[in-house]
Amino acid sequence: MTLTSKDWMPVMTGLTRRGFLGATAAVGGLTIGGVGGGVSEASGSCPRPFGPATVEPQDPRYVELTTRAYNSRFSGQPERVYVTGAVDQIIRIVDEAVRTNKRIAVRSGGHCFENFVDNPDVKVVIDISEMDAVYFDPERQAFAVEAGATLGQVYRTLFLGWGVTIPAGTCPSVGAGGHVAGGGYGALSHKYGSVVDHLYAVEVVVVDRSGRARSVVATREPHDPNRDLWWAHTGGGGGNFGIVTRYWFRSAGVSGNDPAALLPQPPAILRQASVAWKWPDVSEQVFSRLLRNYTTWHLANPAADLHGGLSLYHHSTGEIRLDILLDEGQPNAARLMDDYIAAVSNGLGATPDVQNFTWPWLRATLSTFPGLAGMRIKSKSALLRRPWTDQQVAIVHRYLHQGGAEHYGCGAYLSRFGGEINNKPSNATAMPHRDAGFSSFYEATWLQPQDDDLHLTWIRGLYKEVHGDTGGVPVPGPSCSGVFVNYQDADIADPQWNTSGVPWHTLYYRGNYPRLQQIKARWDPRDVFHHALAIRPV
């Protein structure tokens, strides 16, 4: 039986404003990618397939479909928005767009930090959010996930249907489309690796040199002539090669006919804790000791089945917080939680407020934190091989104390990386960051356009100073692994902010970039699918 969740809407009540920093962003859903209109007919008694719905500026649906931007700093005015329900519709739309030389973009979940979709140059937007089926495909012995499904839908259907999951991001409203293509990760990745470590196949609408669109399925099978296209979608990022319409997931090395044995099984019960320190109790010395305790414990316990994330909110919020998840079913789970909290709190001289509780895995996963849609946002990130130095910690502390309530939506976040993610070579997938131990993330959120300069100055200054020894960006080297592609930041391609002399694509892809360029040249020779940080063909 096929289980879908089209009518389900995730509840996002939230334990923290940001929560655990799983990879939750994407390039507008997927790639960059018009004709259509009306509803196509189906024969017999089968229901008509959805779409494509063609929406132009005079249509009352236009505002809804063009104000979905995750980041309200950006807006577009496309000539048309197509809401699609099938691959053949997308092929026709892309054929027409290429023929008429219209720049196109694709949205699934819409968690794009930059203006790669909501851009004045984009004339056609393809919304694939109605393509959201999640089911078991017996032909490929793998779980199929259409690219418009949200992570919340994927988790719910896989778990309720078969008791399995994928180790993807922690924000339920993120679209699977762009998240997977970027090599997403989340709270279960320390145990099961990146989501792309379980990716068996991908279906992509591509455009050949003549301008003709077609659908291609690429698998990880060694003799698949399209395998390079599969590899490109294991971390090559959205917006580069074509329009992903469907993924198939099956863990490597598994066999048999039982679907419940083909993907990881999540914990039945999660033990969760929220540990909060009040800012008035946290001096710069206490702040430094807290970060050192946190990173030291994780470096000493790389195999621990525990996920902890530090939310270093601006002082105007009143607190900083450590959020913890672990499998209640493991031996001595309660003791592990207590020992971890004690280790991180050791020597601080500040008593935290601790909330410790358990609840079912799916319920916890679908309620991690609220979305930020409608906010104005600027985000930056770095994957760290080593913890922040004392100098970097002092810089972060200083910025978290700049100004007052106007910076309420600002913060820095540090979470565990590594574990099983690091048990593959950097070229096994297009996502090369197999040597990082921590993910650092910086964010400013606000509401009013007149405050743009204030918040952009804050976050750009923080990032530039933290990475001041390497030209204002996290150049891959002894301390940093680079930048995660799903956390798109156009500044790293701007010489005003990147003075390192190291190109943006090295920060994202490191040594995998030349191979990605060759794949781009093969599958998108006309460079139909592009944006400000897209892979350039050879």
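Throughout, residue positions are numbered sequentially from 1 according to the sequence presented.
Considering all non-hydrogen atoms of both residues, N240 and I535 come closest at OD1-N, 2.7 Å. In terms of heavy-atom proximity, D327 sits nearest to P267 at OD1-CB, 3.4 Å. Closest approach of I91 and S215 over heavy atoms only: CD1-N, 3.9 Å. For the residue pair A181 and G238, the shortest heavy atom distance occurs at CB-N, 4.0 Å. Closest approach of S108 and G148 over heavy atoms only: CB-CA, 4.0 Å. Between P52 and R92, the shortest heavy-atom distance links the atoms CD-NH2, 4.2 Å.
Checked by atom type and distance alone, the side chain of D95 pairs as donor or acceptor with a backbone atom of A213 at under 3.5 Å. Counting only distance, with no hydrogens or angles, the side chain of R460 and the backbone of W497 share no donor-acceptor pair below 3.5 Å. A donor-acceptor pair under 3.5 Å is formed between the side chain of D208 and the backbone N or O of G211. When atom types are taken as modelled, the side chain of Y509 and the backbone of G236 share a donor-acceptor pair closer than 3.5 angstrom. Remark: the backbone N or O of V483 is not paired with any side-chain donor or acceptor of S381 at under 3.5 angstrom. In this structure, the side chain of E130 does not engage the main chain of G85 through any donor-acceptor pair within 3.5 Å. Looking at Y155, its side chain does come within 3.5 Å of a backbone N or O of A168 through a donor-acceptor pair. Between the side chain of Q141 and the backbone N or O of P138, at least one donor-acceptor pair lies under 3.5 Å. Between the side chain of S311 and the backbone N or O of Y413, no donor-acceptor pair lies under 3.5 Å. Between the side chain of S189 and the main chain of G193, a donor-acceptor pair closer than 3.5 Å is present.
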Report the C-alpha distance between D489 and K378 in whole Å, list the side-chain angles of each, state the deciding distance to 0.1 Å, and finish with yes or no for salt bridge (charged side-chain N to carboxylate O under 4.0 Å, His left out).
CA-CA 8 Å; D489 176 13; K378 181 61 180 178; 2.8 Å; yes

Verdict with reasoning, K102 to E79, per salt bridge (charged side-chain N to carboxylate O under 4.0 Å, His left out)
CA-CA 9 Å; K102 302 288 187 182; E79 296 173 3; 3.1 Å; yes

Walk me through whether H179 and N486 qualify under side-chain contact (heavy atoms from CB on, under 4.5 Å).
CA-CA 7 Å; H179 177 77; N486 278 356; 4.1 Å; yes

side-chain hydrogen bond (donor to acceptor under 3.5 Å, both in side chains) for D435 and S481? Distances and angles first, verdict last.
CA-CA 7 Å; D435 48 14; S481 178; 2.9 Å; yes

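No side-chain donor from either of R386 and T295 sits under 3.5 Å from a side-chain acceptor of the other. For E203 and T245, the side-chain atoms include at least one donor-acceptor pair closer than 3.5 Å. A donor-acceptor contact under 3.5 angstrom links the side chains of W248 and D137, judged on distance only. For E420 and N423, the side-chain atoms include at least one donor-acceptor pair closer than 3.5 Å. A donor-acceptor contact under 3.5 angstrom links the side chains of Q488 and Y508, judged on distance only. Y185 and S439 share a donor-acceptor pair across their side chains, judged by distance under 3.5 Å alone. Inspection of the W523 and D228 side chains reveals an N or O donor paired with an N or O acceptor under 3.5 Å. If you check the side chains of D305 and H190, you find a donor sitting under 3.5 Å from an acceptor. Side-chain contact, T219 with D224: a donor N or O sits under 3.5 Å from an acceptor N or O.
Taking the six-membered ring for Trp and the full ring otherwise, the centers of H111 and Y70 sit less than 6.0 Å from each other. No close placement of the H433 and F484 rings is indicated, their centers lying 6.0 Å or farther apart. Aromatic ring centres of F159 and W361: separated by under 6.0 Å. For an aromatic pair to be called close, the ring centres must be under 6.0 Å apart, and W230 with Y200 fails this. In this structure, the ring of F143 has its center no less than 6.0 angstrom from the ring center of F249.
Taking 4.5 Å as the limit, every side-chain heavy atom of M431 sits out of range of all side-chain heavy atoms of T234. Considering only heavy atoms from C-beta on, R246 stays 4.5 Å or farther from V145 through its side chain. Contact of the T470 side chain with the S500 side chain is not registered, since no non-hydrogen atoms from C-beta on lie closer than 4.5 Å. Using a 4.5 Å heavy-atom cutoff, the side chains of R515 and Q517 are not in contact. Side-chain contact between D197 and T429 is present, with heavy atoms from C-beta onward closer than 4.5 Å. Taking the side chain as every heavy atom from C-beta outward, I492 and H505 never approach each other to under 4.5 Å. Contact annotation: the side chain of V125 never approaches that of T66 to less than 4.5 Å [non-hydrogen atoms, C-beta and beyond]. Side-chain contact between H530 and D524: absent, with no pair of heavy atoms (C-beta onward) separated by less than 4.5 Å.
Between D118 and R107, at least one side-chain nitrogen of the basic residue sits less than 4.0 Å from a carboxylate oxygen of the acidic one, meeting the salt-bridge criterion.
With values rounded to the nearest 0.5 angstrom, L414 atom CG is found 6.5 Å from L384 atom CG. Distance check, rounded to the nearest 0.5 Å: CZ of R156 to CG of L366 gives 7.5 Å. A distance of 11.0 Å separates OG1 in T365 from CG in L151, rounded to the nearest 0.5 Å. Put simply, CZ on F438 and CG on L383 are 12.0 Å apart, with the number rounded to the nearest 0.5 Å.
More than 12 heavy atoms of other residues, nucleotides or ligands shown are found within 6.0 angstrom of NZ on K520. Within a 6.0 Å radius of CG in N101, no more than 12 heavy atoms belonging to other residues, nucleotides or ligands are found.
Taking the ring centre of W231 as origin, the terminal cationic atom of R220 falls outside the region bounded by 6.0 Å and 45° from the ring axis. In this structure, K380 forms no cation-pi arrangement with Y442, as its terminal cationic atom is not both closer than 6.0 Å to the ring centre and no more than 45° off the ring axis.
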